[in-house]
Amino acid sequence: MKNKTLIVCEKPTAASKIAIALGGKRAVRQELNDVPYYELELDGRKMVVVPALGHLFTLKNVKPMRDYPVYDVDWVPTYSVDKKAAKSRVFVETIRELARESDDYIVATDFDIEGSVIGWSILKYLCGEDSLKKAKRMKFSTLTAEDIRKAYEEIMPTLDFELIEAGIARHTLDWYWGVNVSKALSSSVQAASERFAKLSAGRVQTPTLKILTERELEIKRFKPKPFWVLNLLLDVEGKEILAEHAKQRFFDEGEAKRAKAACESEIAEIREIQIRQYRRPPPVPFDLGGLQSEAYRCFGYTPMRTQQIAQALYQAALISYPRTSSQKLPPTIDYVKILKQLGEISKSYREISNEILSTREPKPNEGKKTDPAHPAIYPTGENPGKLTGPQQRLYDLIVRRFFSVFGRPALVESLRVRVEVGKEPFYLRGRRVLEEGWLAYYGRYGATEEIILPSLKEGQTLRVKEVLFERKETQPPPRYNPASIVKEMEARNLGTKATRAPILQNLYERGYIFGNQITVTELGIHVVNTLQKYCPEIVSEELTAEFERKMDAIQVGKVKKEEVIEKAKKELNKILSKFKANELKIGRELSEVYRKTKRLQKILGKCPKCGGELKIVVSRSTHKRFAGCSNFGKGCKNSYPLPHSGMIITLNKTCEECGTPMIQVNRPGMRPYKMCLDPKCPTKSEWRKKRR
DNA sequence: GCAAGGTC
């Protein structure tokens, strides 16, 4: 019988919270196809609260893509096109079944563009077209019981169609641009070489690659300039202290040498002592980006890895939802309770927790950023029991950051002492922490390097123990690493909190970039150059900004989504026909660098037996990969096994024990590890010992 | 075979 209200939520934890907020203890948890859902009664009506798993539907081309451009797309279940989304199948089936008993619908997904599309596609494709007209919309900004109940009481009588329209347009535009331009790149190689090349472009990935490429070219163009550095080692009451010349870099050798010559007097006189005290305010709560850069700084974890570890901690109910862009901790999160619970976990946590709780009313120092659906990342207070390795480390970082935001500012004293030798000015610097404040809570993550100077007086003289004079060269700008480029993407508003790390991963997998100190391959550079010439729109960060303006215009009813989509088609038609006209020319150049880059990617190093090249080969009979010698045809049968899964990266090093090339293996969800190729190498027996 | 966006 159709008499129930179906409440559709974004994800399982949201469904649970919404069910409890609306039904209290009378909400009954049920399961269908292993998917949890909740039954409750409210205002005399039976309600069913059911979760989605993010987007259950995505866009797909209606006909196979033989040629481009293609604009004929439709929504299909995500699991039907994406192997990695297999889990979403049971959610589709469960919602479809539960919808059979429903004649009333409420969309309770996150109140933003994507949340609205998630709700819309579920109603349209699983509950029937009619449901779209009947459905109501709950609007909440946090998943607290209070907000959820308020959203129910003040429920919107219809769906938020403007938001839905904007969302559909966003999906469509990204598909049109991304898939067609990617197809154009791949087709050009196929046309010129009759070989398939997996190439891609997109609104986020291509501008990101462009940023990396610009840095790469800057480094390639860089010409080092010599400069000279003059420092003194001073004897301060038996202690050796370094003093730097006021001019930290001399670009004129003559001037540098004259300054050095003036230091022959061996006596330095203190001319001025400047003491400055300043406060270091406590940090702000972690959003995902903040956690990713801090985890890189403290542990060297890539943003992708941090995201995965945080996800595991979240699933173990130890931390709040990690894919947030909020730096706020609203009071509805019971700080006092959490602080008390954290105090139970360990002795060092207890000391901090007691100190914070002894203040009258703990108040967090919040940041500016917000998130429509979630607060900042915080520990739930749940006892983690025994965590190990990366999970333990990340958990401790999150707990200590949580403590720190409640701390008092630290008071730091810095000292600048001006000394003169001959007439040359030098500076000694000192720094010490007068009041630790929050730094005490943050522990080793906030360690401030202290330089304690003995007490000094103006007019005092010090003996020069040594004059240090060095020629150096200017360095090229640093390469981006995974953490710094993700931060840069955030600063430039490219991608979202949840997609930046995976999109970067994609650039690695395409062979556009490699290494932790990110290097752009010839292929990456060439793809950017080609697109810059034939489709500069997709290389530009402006495309994201333009999309945003269009979505806003749709939301306020200034323009229809059909109009926006039509315009995109016209623009793409022009671009893509120009691309196609030059297909052979583009393809010839591109296929050459593609082959070259792919070949380089496969080379692991020198064969220790014959000096040939060891490369990744896929066995014809078993389809498994192994390291084989390039001189196989000339009689060298040397080969080594390789791990079956994961990305293999050449390290350009050989093992000190066995002399075979070293490689790094990156597997999703695992720490990257380094190994040599020889399974019989003595280093491997050490491995086994360590594992035990 | 292709994007970016949710989710686990």
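Order of the sequence lines fixes the chain letters, A, B, ..., with proteins taken first and strands second; residue numbering starts at 1 for each chain. The shown structure was predicted, so the numbers you read here are calculated from the model rather than taken from an experiment.
Side-chain polar atoms of A:Asp287 and A:Ser326 form no donor-acceptor pair below 3.5 angstrom.
In this structure, A:Lys487 fails the cation-pi test against A:Tyr296, since its NZ or CZ atom is not both closer than 6.0 Å to the six-membered ring centre and inside 45 degrees of the ring normal. Relative to the six-membered ring of A:Tyr512, A:Arg510 misses at least one condition, a distance below 6.0 Å or an angle of at most 45° to the axis.
Counting only residues at least two apart or on different chains, no side-chain hydrogen bond (donor to acceptor under 3.5 Å, both in side chains) pair has a member in residues 180-198 of chain A.
Counting any heavy atom pair closer than 4.0 Å across all strands shown, A:Phe547 reaches no nucleic acid atom. Within 4.0 Å of A:Gly495, counting heavy atoms only, lie sugar-phosphate atoms of the nucleic acid but no base atom.
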Identify all side-chain donor-acceptor contacts of residues 49-66 of chain A below 3.5 Å with residues at least two apart in sequence or on another chain.
from: A:His55; atom 1: NE2; to: A:Glu114; atom 2: OE1; distance (Å): 2.8
from: A:Asn61; atom 1: ND2; to: A:Lys63; atom 2: O; distance (Å): 2.8

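Non-hydrogen atoms lying under 4.0 Å from DNA chain B are contributed by A:Asp174, A:Trp175, A:Gly178, A:Val179, A:Ser182, A:Phe196, A:Lys198, A:Ser200, A:Ala201, A:Gly202, A:Arg203, A:Val204, A:Gln205, all within residues 173-205 of chain A. Residues of residues 69-91 of chain A having a heavy atom closer than 4.0 Å to DNA chain B, listed by number: A:Lys87.
Applying side-chain contact (heavy atoms from CB on, under 4.5 Å) to A:Val527 and the options A:Leu523, A:Ile525, A:Asn529, A:Thr530 leaves one that passes, A:Leu523.
From the 5' end on, the contacts that DNA chain B makes with chain A at under 4.0 Å to a non-hydrogen atom open and close at B:dG1 to B:dC8.
In this structure the side chain of A:Val181 never reaches within 4.5 angstrom of the side chain of A:Thr206, judged on heavy atoms. Using a 4.5 Å heavy-atom threshold, the side chains of A:Ser200 and A:Gln205 count as touching.
Remark: A:Lys561 engages A:Glu165 in a side chain to side chain donor-acceptor pair (under 3.5 Å) (not counting sequence neighbours).
In A:Gln555, the CD atom is crowded: over 12 heavy atoms of neighbouring residues, nucleotides or ligands sit closer than 6.0 Å.
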